[in-house]
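Chain letters run A, B, ... following the sequence lines, proteins first, then strands; residues in each count from 1. Note that this is a predicted model, so its numbers are computed, not measured.
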Protein chains: 2
Amino acid sequence: MTCGSYLIDALHARGFRMTPQRMAILHALRSVGGHLTPTEILLNASRIYPNLTKATLYRTLDFLTRNGFAAAVHLGDSRVAYELVQEQHHHVMCRRCGRSLLVPEGTLRKVCEILSEGTGYAVEADHRVWFGLCSACQSAERRSDEKLAG
Amino acid sequence: MTCGSYLIDALHARGFRMTPQRMAILHALRSVGGHLTPTEILLNASRIYPNLTKATLYRTLDFLTRNGFAAAVHLGDSRVAYELVQEQHHHVMCRRCGRSLLVPEGTLRKVCEILSEGTGYAVEADHRVWFGLCSACQSAERRSDEKLAG
DNA sequence: TTCTCTATTGTAAAAAGTTACAATAAAATT
DNA sequence: AATTTTATTGTAACTTTTTACAATAGAGAA
């Protein structure tokens, strides 16, 4: 159970506590490279801390997110997953066919710079999904609209 | 019940149908300027179509979003609201104190341009909330970290 | 108008997420 | 090691969201 130990001091400095429940959740998040849904985290973390409850899970995810240790990833209309804050990466996802693509690093860096410059906030966009139309669906939707017009 | 009529042809062109349930939901979304949570929409739309069910509501919100007529707005870690697709606007929200701010229009335009250039997708970021730290909380968190270090 | 096709809805049960409040247990202090 | 403080958890009830499947009803064709 050493998986969350690197956070202990950071928590204490802010008046928070480390608990086996939080350790288990952090371990689950760490065991995958990417993001997990709350349900997946519950399943995974329960192997380490069998009595973990849903209430604690959701409260902990909220806690970790508010304090910058984890980040919420909005996967689609209302689906949310979580991951440890590590490197930033965004995707674009086609709202029509679902195809997705990684946003190039340079593009993402520029986006965050522009947002921070424009607002004064230290914007932390750890992992987000953008919606739009991929090139194939841009054509398809254009055809629909032409059919409508003509 | 004319509130969603401007969409009828657009729906038909893509093989979809207009229904009184969809009309009621569109009317509810239109009656406010901004976004509404599913629960608020249900309450509001039920005044027009009293037998509207939750299942239909959620399916319709999903349908409208997938087809570009409405957009999901992620308000916080897991809260989602919906609004009609109109003008784009983003906010930045401080993950620590919750204070939020409108992202200037020019900043937002640049962000979308950069994302579209970088990916080839037609990115549609109708209304989003960015998280980060406002200037006050940037200082506060810095103080915590100094306490930890020294 | 009537018929036909199938997109859309209602039903009902299950799953996911939230909340109030009392009980527990980290961790600083003595 | 015992004490104290209060952050954190479990319980249990509740609300929100999702899903399978049968029933309904738009909208084009006859």
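Rounded to an integer number of Å, the gap from NE2 of B/H12 to P of D/dA29 is 13 Å. Taking atom CG of B/L43 as the reference point, atom C1' of D/dT15 lies 14 Å away to the nearest angstrom. Rounded to an integer number of Å, the gap from CG of B/L42 to P of C/dG10 is 11 Å. D/dT16 atom P lies 15 Å from atom NZ of A/K54, rounded to whole Å. At whole-Å resolution of the value, CG in A/D9 and P in C/dA27 are 10 Å apart. In this structure, B/I25 atom CD1 and C/dT9 atom P are separated by 7 Å, rounded to whole Å. Atom P of nucleotide C/dT8 and atom CG of B/L57 are separated by 16 Å, given to the nearest angstrom. A straight line from CG of A/L61 to P of C/dT19 spans 14 Å, rounded to a whole angstrom.
Although no hydrogens or angles enter the test, the distance criterion places no donor-acceptor pair under 3.5 Å between the side chain of A/T56 and the main chain of A/L52.
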*Let me have a per-nucleotide readout for nucleotides 1-8 of chain D, 5' to 3', with B, S or -, counting only protein heavy atoms under 4.0 Å.*
-----BBS
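Mapping B/A55 and A/N51 onto DNA chain D by nearest heavy atom places A/N51 at the nucleotide closer to the 5' end. Comparing B/T53 and A/T39, the nucleotide of DNA chain C nearest to each residue sits closer to the 5' end for B/T53.
Within the 4.5 Å cutoff, the side chain of B/F63 has heavy atoms near those of the B/L11 side chain. Counting only heavy atoms from C-beta outward, the side chains of B/L26 and B/L64 approach each other to under 4.5 Å. Contact check for B/R79 versus B/T37: no side-chain heavy atoms found under the 4.5 Å cut-off. With a 4.5 Å cut-off on side-chain heavy atoms, B/I48 and B/M23 do not count as touching.
With sequence neighbours left out, A/L36 forms a side chain to side chain contact (heavy atoms under 4.5 Å, CB included) with A/V32, A/E40, A/I41.
Applying the 4.0 Å criterion to OP1 and OP2 of C/dT8, one finds that B/Y49 has every side-chain N and O outside that range.
Of the listed nucleotides (C/dA28, C/dG10, C/dT19), C/dT19 has the atom at the smallest distance from the side chain of B/R79.
Nearest heavy-atom pair across A/R17 and A/H12 is CA-CD2, 4.4 Å.
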